[in-house]
There are 2 protein chains.
Amino acid sequence: MHALIREAEALCLRTGVTFTPPRRRVLELLAASKIPMKAYDLISQAGADGHPFKPPTVYRALEFLCQLGLVHRIEQDATFVACCHSGHTQPVALFVCNSCLKVTEVAYPNVAKVLENAAQAQGFQVESIVVEGRGQCAPCAQAA
Amino acid sequence: MHALIREAEALCLRTGVTFTPPRRRVLELLAASKIPMKAYDLISQAGADGHPFKPPTVYRALEFLCQLGLVHRIEQDATFVACCHSGHTQPVALFVCNSCLKVTEVAYPNVAKVLENAAQAQGFQVESIVVEGRGQCAPCAQAA
DNA sequence: CATTAGCATGTTATAAGATAACATAACAGG
DNA sequence: CCTGTTATGTTATCTTATAACATGCTAATG
Ligand SMILES: [Zn+2]
Ligand SMILES: [Zn+2]
Ligand SMILES: [Zn+2]
Ligand SMILES: [Zn+2]
């Protein structure tokens with residue numbers, strides 16, 4: 001069993017929420033994928049073994065997993081990727097490789113504060129930030 | 001005529017691209033709106049005066065305007081907003097107010113470098129970054 | 001004045017992404 | 001057993017975006 005699944009089970013136990021079959025199935029598929037997946041890839045693949053999931057089921061599972069920080073949604077292309085750390089709620093930047101599509105998660109401890117201050121300087125009270133990027137991951141950059 | 005339209009005309013002249021009727025119309029609508037608009041709002045409003053624009057026309061215009069930096073796409077909710085500066089290609093963070101939906105643009109001159117370095121520390125070669133946020137704009141934060 | 005190349009729009013159809021609304025089930029607490 | 005809560009199943013639909021191909025518009029070439 002993938003480590004992330006155990007993470008999820010433990011996390012759900014701790015927080016008193018339930019790790020149901022669709023939630024598990026969706027997380028399994030994402031954990032098995034090395035790259036972000038589209039919602040409808042999940043919908044079709046989840047049903048490959050005979051139990052088809054319909055869109056609402058998968059979207060609900062995705063929302064649940066994103067809230068727990070086990071999955072991240074990449075806004076730029078509406079894809080979803082399993083978190084490569086233990087589930088975190090702290091913000092991270094997601095950098096997607098233009099060549100292999102793999103995601104590199106980058107924490108930005110101080111930067112977030114600086115951004116918030118820059119916004120604050122214009123009177124804007126920040127509640128949430130999304131940082132995404134594109135480029136070349138380490139292996140692909142070296143290969144080039 | 002809105003200042004942004006004059007900006008656009010001048011910019012297009014300088015760069016040798018053409019500021020066509022659909023492009024103008026879409027920019028006019030965005031410039032007139034105080035808040036971001038959805039593509040299909042533009043599609044229906046653009047045709048309110050008798051000349052209906054179909055989706056491809058509007059999406060093409062949006063792509064054009066975004067490339068010129070006259071319009072920004074907000075990835076989180078697939079909306080489009082006229083740039084409040086003179087058209088810039090430099091990256092800015094877009095902060096959307098949760099109350100009034102207005103956008104505050106925040107330049108992050110140094111932060112971008114720090115982010116790139118943080119990614120570089122993991123071997124990731126950054127090519128582009130998107131920063132978006134949510135919160136309360138200055139007037140709404142004061143009112144609260 | 002054709003001819004043609006480039007660019008932009010028009011048009012039709014459809015793909016891709018997401019949710020509303022309501023029915024059903026599973027289960028714990030009283 | 002009844003009831004409230006949570007989650008899923010189901011149907012239909014809405015929203016966002018693009019593919020593919022036809023047409024028109026302008027400007028350079030000869
Ligand atoms: Zn993560
Ligand atoms: Zn790569
Ligand atoms: Zn701008
Ligand atoms: Zn506001």
Side-chain angles (χ1 to χ4, degrees), chain A residues 8-9 11-30 33 35-47 49-68 70-81 96 101 132, chain B residues 8-9 11-13 15-30 33 35-47 49-68 70-81 101 132:
Chain A
E9 284 175 343
L11 180 57
C12 288
L13 258 181
R14 275 206 306 284
T15 57
V17 295
T18 53
F19 193 52
T20 59
R23 290 168 181 175
R24 167 185 293 264
R25 186 84 179 96
V26 167
L27 185 55
E28 279 172 354
L29 287 169
L30 285 173
S33 174
I35 60 176
M37 295 180 71
K38 299 178 186 177
Y40 273 76
D41 290 345
L42 289 164
I43 290 164
S44 52
Q45 288 193 30
D49 61 349
H51 184 145
F53 285 126
K54 304 247 170 87
T57 303
V58 169
Y59 278 102
R60 285 164 183 157
L62 285 170
E63 187 183 4
F64 174 88
L65 295 167
C66 285
Q67 273 176 4
L68 258 58
L70 296 165
V71 167
H72 301 300
R73 183 198 150 108
I74 298 170
E75 305 289 345
Q76 287 180 80
D77 50 6
T79 56
F80 300 86
V81 67
V96 181
L101 301 182
E132 295 180 5
Chain B
E9 284 176 343
L11 180 58
C12 288
L13 259 181
T15 57
V17 295
T18 52
F19 194 53
T20 59
R23 291 167 181 177
R24 167 187 293 266
R25 187 83 179 97
V26 168
L27 185 56
E28 280 173 353
L29 286 170
L30 284 172
S33 174
I35 60 176
M37 294 179 73
K38 298 176 185 178
Y40 274 75
D41 290 345
L42 289 163
I43 290 164
S44 52
Q45 287 193 29
D49 61 352
H51 184 144
F53 286 125
K54 303 246 170 89
T57 304
V58 169
Y59 277 101
R60 285 162 184 158
L62 286 169
E63 186 182 5
F64 175 88
L65 295 167
C66 285
Q67 273 174 4
L68 257 58
L70 296 165
V71 167
H72 302 298
R73 183 197 149 108
I74 298 170
E75 305 289 345
Q76 288 181 79
D77 50 5
T79 57
F80 300 86
V81 67
L101 301 182
E132 295 181 4

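Below, read A as the first sequence line, B as the second, and so on, with proteins coming before strands; counting in each chain starts at 1.
- For the pair A/F53 CZ and D/dT11 P, the computed distance is 16 Å after rounding to whole Å.
- In this structure, the CD atom of B/Q76 is 18 Å from the P atom of C/dG17, given to the nearest Å.
- Toward the 5' end of DNA chain C, the nearer of the two residues B/F64 and A/D41, judged by each one's closest nucleotide, is B/F64.
- Atom C1' of nucleotide C/dA8 and atom CZ of B/F19 are separated by 14 Å, given to the nearest angstrom.
- Between D/dG9 and A/T57, a contact under 4.0 Å exists linking OP1 or OP2 to a side-chain N or O.
- Side-chain atoms of A/S33 and A/F80, non-hydrogen and from C-beta on, never get closer than 4.5 Å to each other.
- Residue A/P22 is in sugar-phosphate contact alone, with no base atom involved, counting any heavy-atom pair closer than 4.0 Å across all strands shown.
- Annotation for A/V58 and A/A39: closest pair CG1-O, 4.1 Å, computed over non-hydrogen atoms.
- In this structure B/E132 satisfies the side chain to side chain donor-acceptor pair (under 3.5 Å) test together with B/Q76, sequence neighbours excluded.
- In this structure, A/A8 and A/L70 approach most closely via the heavy-atom pair CB-CD1, 3.7 Å.
- A sub-4.0 Å separation between OP1 or OP2 of C/dT12 and a side-chain N or O of B/K54 is present.
- One atom, CG of A/L62, and another, P of D/dA7, lie 15 Å apart when rounded to the nearest Å.
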Using atom types as modelled, flag every donor-acceptor pair under 3.5 Å from a side chain in residues 17-29 of chain B to any protein atom, sequence neighbours excluded.
residue: B/R23; atom: NH1; partner: B/T18; partner atom: O; Å: 2.7
residue: B/R24; atom: NH2; partner: B/E9; partner atom: OE2; Å: 2.4

Got a list of protein N/O to nucleotides 19-24 of chain C N/O distances below 3.5 Å?
residue: C/dA21; atom: N6; partner: A/R60; partner atom: NH2; Å: 3.4

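- With the nearest nucleotide of DNA chain C identified for both A/R73 and B/T18, B/T18 has the one nearer the 5' end.
- Going from atom CZ of B/R25 over to atom P of C/dT9 covers 15 Å, rounded to whole Å.
- A sub-4.0 Å separation between OP1 or OP2 of D/dA7 and a side-chain N or O of A/T20 is absent.
- Atom P of nucleotide C/dA18 and atom NZ of A/K38 are separated by 11 Å, given to the nearest angstrom.
- In this structure, the side chains of B/L30 and B/L62 come closer than 4.5 Å at one or more pairs of heavy atoms.
- Counting to the nearest Å, the P atom of C/dT11 and the CD1 atom of B/I43 are 14 Å from each other.
- Look at CE on A/M37: it is 12 Å from P on C/dG17, rounded to the nearest Å.
- Taking each heavy atom of A/P36 and A/L101 in turn, the nearest pair found is CD-O, 3.1 Å.
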